[in-house]
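Proteins come first, then strands; the chains are lettered A, B, ... in the order of their sequence lines, and each starts at number 1.
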Amino acid sequence: MKIYNTLTRKKEEFIPIEKEKIRMYVCGPTVYNYIHIGNARPLVVFDTVRRYFEYKGYQVNYVSNFTDVDDKIIARANEEGIDPTQLSERYIKEFQKDTKGLNVKPATVHPRATLEIDGMIEMITELIEKKHAYEKNGTVYFRTRSFPQYGKLSKKKIDELEAGSRIAVNDEKEDPLDFVLWKPKKEGEPFWNSPWGEGRPGWHIECSVMSRKYLGDEIDIHAGGEDLIFPHHENEIAQTESCTEKEFARYWMHNAFINVDHKKMSKSEGNFFTVREIEESYPYSVLRFFLLSVHYRSPINFSKESMEASKNGLTRIQTAIEQLEYFKQIKEKNQMQNIKLTDQEKVLVQEIEEWNQKFDMAMEDDFNTADAITAIFELVRLANTNLSANSSLEMLQITSFKLLSLCDILGLEVLKKKESLEQEVERLIATRQEARKAKDFAKADEIRKTLADMGILLEDTREGVKWKRI
RNA sequence: GGCGUCUUAGCCAAGUGGUAAGGCAUGGGACUGCAACUCCCUGAGCGACGGUUCAAAUCCGCCAGACGCCUCCA
């Protein structure tokens with residue numbers, strides 16, 4: 001398996017530290033609002049990475065944090081006149097609702113910054129002891145120049161960084177590049193006691209601490225959005241490696257951004273969408289499918305057109321699977337009839353195997369989900385063109401199982417839950433069938449229209465009338 | 001200014017040296033009472049120019065355009 005490693009800017013063969021276990025940390029959201037579609041991308045992408053590892057038989061220890069103390073949270077809480085904890089609590093709940101909808105598996109551990117303050121104080125203390133950090137008037141800074149490899153992830157030269165004029169002048173710091181580990185409390189802000197007085201942690205330290213606590217000094221994969229490369233991940237490396245003197249993470253994975261109408265999504269541009277807003281127009285599964293239709297390291301452009309295309313494509317996959325399930329039901333009722341594969345079907349099974357291999361190869365190549373999806377569509381075509389209620393039960397089972405498992409690796413929910421029709425609806429369908437039999441098509445169409453208005457779409461197939469909710 | 005990325009059919013998107021996957025949309029056809037679903041058919045020489053090579057979308061150079069990071073940000 002090959003993974004593109006931001007650290008080396010190359011695709012590298014993936015070799016886990018432990019043979020069958022993977023330690024993976026993904027930087028989580030700051031919980032001050034509903035998650036937006038940009039947040040959804042790393043959630044879906046790295047969940048898919050995890051699912052693929054699990055499919056390959058690895059046990060994945062997946063840690064993702066909640067940043068629940070930060071300027072934005074405090075500002076927002078003050079606006080609403082509530083406690084920051086209440087605010088973050090609320091949006092963690094909303095996060096869970098959205099991620100569940102997106103079929104993102106819960107992390108093995110979901111640590112919260114505010115519950116890990118002790119660990120942060122400990123690590124900051126360790127950094128001070130090792131002369132990698134210093135305190136000034138209640139603020140603790142990381143001594144950036146004490147970590148000679150600073151810049152190795154973002155490929156920035158430490159001297160060029162300093163030459164950049166964007167770093168604000170601060171007389172307290174020994175060096176303009178030094179960044180905050182702990183800051184003193186301000187009026188109206190949450191605070192914790194520390195050896196340096198009351199205050200709260202800087203942003204970067206939390207991930208270093210939580211990753212180390214739950215996954216150990218060295219981990220396999222550290223992931224997040226590409227904007228985190230600098231300074232967040234660069235600083236994490238500096239903090240952690242200064243303490244442990246070991247390599248923090250072997251592979252650094254970063255997803256590219258999502259654009260809206262080819263522009264960076266931002267509130268000021270007015271092209272900002274939360275996942276919740278999108279969910280009003282498209283099921284979560286369509287958003288997930290859309291996000292996986294482009295390689296994770298390429299920018300993806302969100303638009304109505306692309307969502308429509310994703311919706312239609314996903315529907316086609318769903319229709320094929322529903323059809324297979326329907327055929328299987330018929331076969332299971334007639335248990336005596338052609339159970340075993342025919343010779344012709346054996347050829348098809350081989351073809352399915354080949355597409356499965358193509359799927360795997362695409363995923364092995366740095367998780368090329370866009371390419372992997374191709375294999376799913378080929379299986380859909382194979383099923384639609386070759387299979388029917390006359391196929392052998394084994395053939396139907398193999399095809400259905402294969403399609404479902406490939407979709408499951410991508411976290412695509414394609415099998416809808418069984419629904420029962422209200423009696424009134426059933427009666428209308430029966431009446432319509434009678435009308436059709438009597439060639440009273442006007443009446444039949446009228447009933448179909450009535451049901452359509454109720455959100456029930458009828459399809460007259462060879463196997464009888466089918467319906468689905470729209 | 002520094003670092004980096006991208007440019008493939010109407011739209012989306014794989015493909016990184018041997019002569020362009022797939023999806024969506026469009027048009028035509030089959031099926032259908034009509035639809036829907038499904039199936040078949042339908043389209044590009046890969047931003048421009050120059051170079052390397054027997055051979056380039058794929059390597060090199062240059063130009064144009066789009067974009068990201070360098071500052072809170074997924």
Undergrad: What is the distance from CD1 of A/I229 to C1' of B/C3, rounded to the nearest Å?
TA: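 It is 11 Å, rounded to the nearest whole Å.
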
Undergrad: Considering every strand shown, what is the Watson-Crick or G-U wobble mate of B/C6 when both distances are under 3.5 Å?
TA: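 When the pairing criteria are applied, B/G65 turns out to be the nucleotide that pairs with B/C6.
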
Undergrad: Return the nucleotide paired to B/G45: Watson-Crick means purine N1 to pyrimidine N3 with N6-O4 or O6-N4, wobble means G-U with N1-O2 and O6-N3, both under 3.5 Å.
TA: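 Partner of B/G45: none.
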
Undergrad: Please determine if A/E280 and A/R276 form a salt bridge, counting it only when a charged side-chain N lies under 4.0 Å from a carboxylate O.
TA: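 So A/E280 does not pair with A/R276 through a salt bridge.
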
Undergrad: Picking from B/G4, B/A74, B/G68, which would you name as closest to the side chain of A/F257?
TA: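 Nucleotide nearest to A/F257's side chain: B/A74.
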
Undergrad: Taking the nucleotide of RNA chain B with the nearest heavy atom to each, does A/S154 or A/K72 sit closer to the 5' end?
TA: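 It is A/S154 whose nearest nucleotide is closer to the 5' end.
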
Undergrad: Any ion pair linking A/K2 and A/E13 (charged N to carboxylate O, less than 4.0 Å)?
TA: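 Answer for the salt bridge query: yes.
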
Undergrad: Which value, in whole Å, describes the distance between the P atoms of nucleotides B/U58 and B/C37?
TA: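 40 Å, rounded to whole Å.
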
Undergrad: NA contact type, A/E226, heavy-atom cut-off 4.0 Å: base, sugar-phosphate, or nothing?
TA: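 The residue A/E226 makes sugar-phosphate contact but no base contact.
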
Undergrad: Name the nucleic acid region contacted by A/I258, choosing base, sugar-phosphate or nothing; use a 4.0 angstrom heavy-atom cut-off, strictly under.
TA: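 Counting heavy atoms under 4.0 Å across all strands, the contact made by A/I258 includes a base.
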
Undergrad: Which of the following nucleotides, B/A74, B/A36, B/C69, is nearest to the side chain of A/F230?
TA: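 Of the options given, the side chain of A/F230 lies nearest B/C69.
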
Undergrad: What's the closest nucleotide to the side chain of A/E459 if the choices are B/C34, B/G2, B/C37?
TA: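 Nearest nucleotide to the side chain: B/C37.
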
Undergrad: Contact class for A/R432 vs. all strands (heavy atom < 4.0 Å): base, sugar-phosphate, or nothing?
TA: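 Base: the residue A/R432, judged by heavy atoms under 4.0 Å, touches a nucleobase.
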
Undergrad: Between B/A56 and B/G47, how far apart are the P atoms? Round to whole Å, please.
TA: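 Comparing P positions in B/G47 and B/A56 gives a spacing of 15 Å.
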
Undergrad: In whole Å, measure the gap between the C1' atoms of B/U19 and B/U8 for me.
TA: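 Straight-line distance between the two C1' atoms is 16 Å.
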
Undergrad: Between A/D47 and A/R51, is there a salt bridge with N-O shorter than 4.0 Å?
TA: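 A salt bridge links A/R51 with A/D47.
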
Undergrad: For the pair A/K186 and A/D71, find out whether any cationic side-chain nitrogen is under 4.0 Å from an anionic carboxylate oxygen.
TA: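 No, A/K186 and A/D71 are not salt-bridged.
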
Undergrad: Between A/E234 and A/L153, is there a donor-acceptor pair closer than 3.5 Å when you use the side chain of the first and the backbone of the second?
TA: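 Yes; judged by distance alone, with no hydrogens or angles, the pair exists.
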
Undergrad: Expressed in whole Å, how much space separates the C1' atoms belonging to B/G43 and B/G28?
TA: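 Per the computed distance, 14 Å lies between those C1' atoms.
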
Undergrad: Mind checking the P distance from B/G17 to B/G51? Whole angstroms is fine.
TA: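 So the two P atoms sit 23 Å from each other.
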
Undergrad: So that I can tick it off, tell me whether A/R145 and A/D175 are bridged by a salt bridge, with the cut-off set at under 4.0 angstrom between side-chain N and carboxylate O.
TA: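 A/R145 and A/D175: salt-bridged.
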
Undergrad: Would you measure the distance from the P atom in B/C46 across to the matching atom in B/A21 and give it in whole Å?
TA: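 One P to the other, the span is 15 Å.
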
Undergrad: Quick check on RNA chain B: between A/K155 and A/V380, whose nearest nucleotide comes earlier from the 5' end?
TA: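 Residue closer to the 5' terminus by nearest nucleotide: A/K155.
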
Undergrad: Atom CG of A/N255 and atom C1' of B/C6: how far apart are they, to the nearest Å?
TA: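 For the pair A/N255 CG and B/C6 C1', the rounded distance is 16 Å.
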
Undergrad: Could you encode protein contacts along nucleotides 15-29 of chain B as a string, one character per nucleotide from 5' to 3', using B for base contact, S for sugar-phosphate-only contact and - for no contact, with a heavy-atom cut-off of under 4.0 Å?
TA: S-----BSSSS----

Undergrad: Tell me what A/S306 touches on the nucleic acid: a base, only sugar-phosphate, or nothing, going by heavy atoms under 4.0 Å.
TA: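 Nothing, no heavy atom under 4.0 Å.
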
Undergrad: To the nearest Å, how far apart are A/H254 NE2 and B/G4 C1'?
TA: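 Going from NE2 in A/H254 over to C1' in B/G4 covers 14 Å.
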
Undergrad: Is the backbone of A/I237 close enough, under 3.5 Å, to the side chain of A/T240 for a donor and an acceptor to pair up by distance?
TA: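 Side chain of A/T240 to backbone of A/I237, a donor-acceptor pair under 3.5 Å: no, none is there.
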
Undergrad: Of the nucleotides B/G33, B/A74, B/C37, which has the atom closest to the A/H36 side chain?
TA: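 Ranking B/G33, B/A74, B/C37 by closest atom to the A/H36 side chain puts B/A74 first.
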
Undergrad: Which nucleotide in the list B/A14, B/C34, B/A74 gets nearest to the side chain of A/R436?
TA: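 Of B/A14, B/C34, B/A74, B/C34 is nearest to the side chain of A/R436.
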
Undergrad: Is it true that a side-chain atom of A/N65 and a backbone atom of A/G28 form a donor plus acceptor pair closer than 3.5 Å?
TA: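 Side chain of A/N65 to backbone of A/G28: a pair is present.
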
Undergrad: Less than 3.5 Å between a donor and an acceptor, one on the side chain of A/N384 and one on the base of B/C37, is that the case here?
TA: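 Flag unset: no donor-acceptor pair detected.
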
Undergrad: Rounding to a whole Å, what distance do you find between A/R41:CZ and B/A74:C1'?
TA: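 Rounded to the whole Å, the gap is 10 Å.
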
Undergrad: Can a donor-acceptor pair under 3.5 Å be found between the side-chain atoms of A/R448 and the base atoms of B/C34?
TA: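 Check passes, donor-acceptor contact within cut-off.
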
Undergrad: Applying a 3.5 Å limit to both distances, which nucleotide forms a Watson-Crick or G-U wobble pair with B/U71?
TA: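 The answer is none; no pair meets the criterion.
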
Undergrad: So A/K156, base contact, sugar-phosphate only, or nothing? Heavy-atom distance under 4.0 Å.
TA: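 Base, at least one base heavy atom under 4.0 Å.
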
Undergrad: Base, sugar-phosphate alone, or nothing: which one does A/L458 contact when heavy atoms must sit under 4.0 Å apart?
TA: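 Base contact.
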
Undergrad: Can you tell me the pairing partner of B/U16 across any strand shown, Watson-Crick or G-U wobble, with both distances under 3.5 angstrom?
TA: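 Because no pair has both required distances under 3.5 Å, B/U16 counts as unpaired.
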
Undergrad: Paired with B/A36: which nucleotide, if any, by Watson-Crick or G-U wobble criteria at under 3.5 Å for both distances?
TA: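 None - no nucleotide pairs with B/A36, as no candidate has both distances under 3.5 Å.
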
Undergrad: Quick one: A/I321 CD1 to B/C37 C1', roughly how many Å, whole number?
TA: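 The distance from CD1 of A/I321 to C1' of B/C37 comes to 15 Å, rounded to the nearest Å.
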
Undergrad: Of all the nucleotides listed (B/G33, B/C73, B/C39), which has the minimum atom distance to the side chain of A/T385?
TA: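 Nearest to the side chain of A/T385 among the choices is B/C39.
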
Undergrad: Could you classify B/G4 for me, syn or anti, using a glycosidic angle within 90° of 0 as syn?
TA: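 With its glycosidic angle more than 90° from zero, B/G4 counts as anti.
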
Undergrad: Using both distances under 3.5 Å as the test, list the Watson-Crick or G-U wobble partner of B/A21, or none.
TA: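 Answer to the pairing question: none, since B/A21 forms no Watson-Crick or G-U pair.
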
Undergrad: In whole Å, measure the gap between the C1' atoms of B/A48 and B/A64 for me.
TA: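 My reading of the C1' atoms in B/A48 and B/A64 gives 7 Å.
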
Undergrad: Can you spot which of A/F147, A/F142, A/W203, A/F230 makes a ring-ring contact (aromatic ring centres under 6.0 Å, His included) with A/F179?
TA: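 The ring-ring contact (aromatic ring centres under 6.0 Å, His included) with A/F179 is passed solely by A/F142 among A/F147, A/F142, A/W203, A/F230.
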
Undergrad: Which base, if any, makes a Watson-Crick or G-U wobble pair with B/U26, both distances under 3.5 Å?
TA: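 With both distances under 3.5 Å required, B/U26 matches none.
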
Undergrad: In whole angstroms, how far is the C1' atom of B/C6 from the NZ atom of A/K264?
TA: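 Distance, rounded to whole Å: 16 Å.
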
Undergrad: Does this structure show an ion pair linking A/K10 with A/D366, if we count only N-O contacts that are shorter than 4.0 Å?
TA: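 Not counted as a salt bridge, because no side-chain N and carboxylate O are separated by less than 4.0 Å.
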
Undergrad: Would you mind telling me which of B/A14, B/C37, B/G33 lies closest to the side-chain atoms of A/T319?
TA: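 For the A/T319 side chain, the nearest candidate turns out to be B/C37.
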
Undergrad: Specify the separation, in whole Å, of atom NZ of A/K311 and atom C1' of B/C12.
TA: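 Answer to the nearest Å: 16 Å.
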
Undergrad: How far does the C1' atom of B/A20 sit from the matching atom of B/A55, given to the nearest Å?
TA: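 About 16 Å, rounded to a whole number of Å.
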
Undergrad: Are any of the side-chain nitrogens in A/E189 or A/K183 under 4.0 Å away from the carboxylate oxygens of its partner?
TA: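 A/K183 and A/E189: not salt-bridged.
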
Undergrad: Once you round it to whole Å, what is the distance between P of B/G4 and NZ of A/K152?
TA: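 Nearest whole value for this atom pair: 19 Å.
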
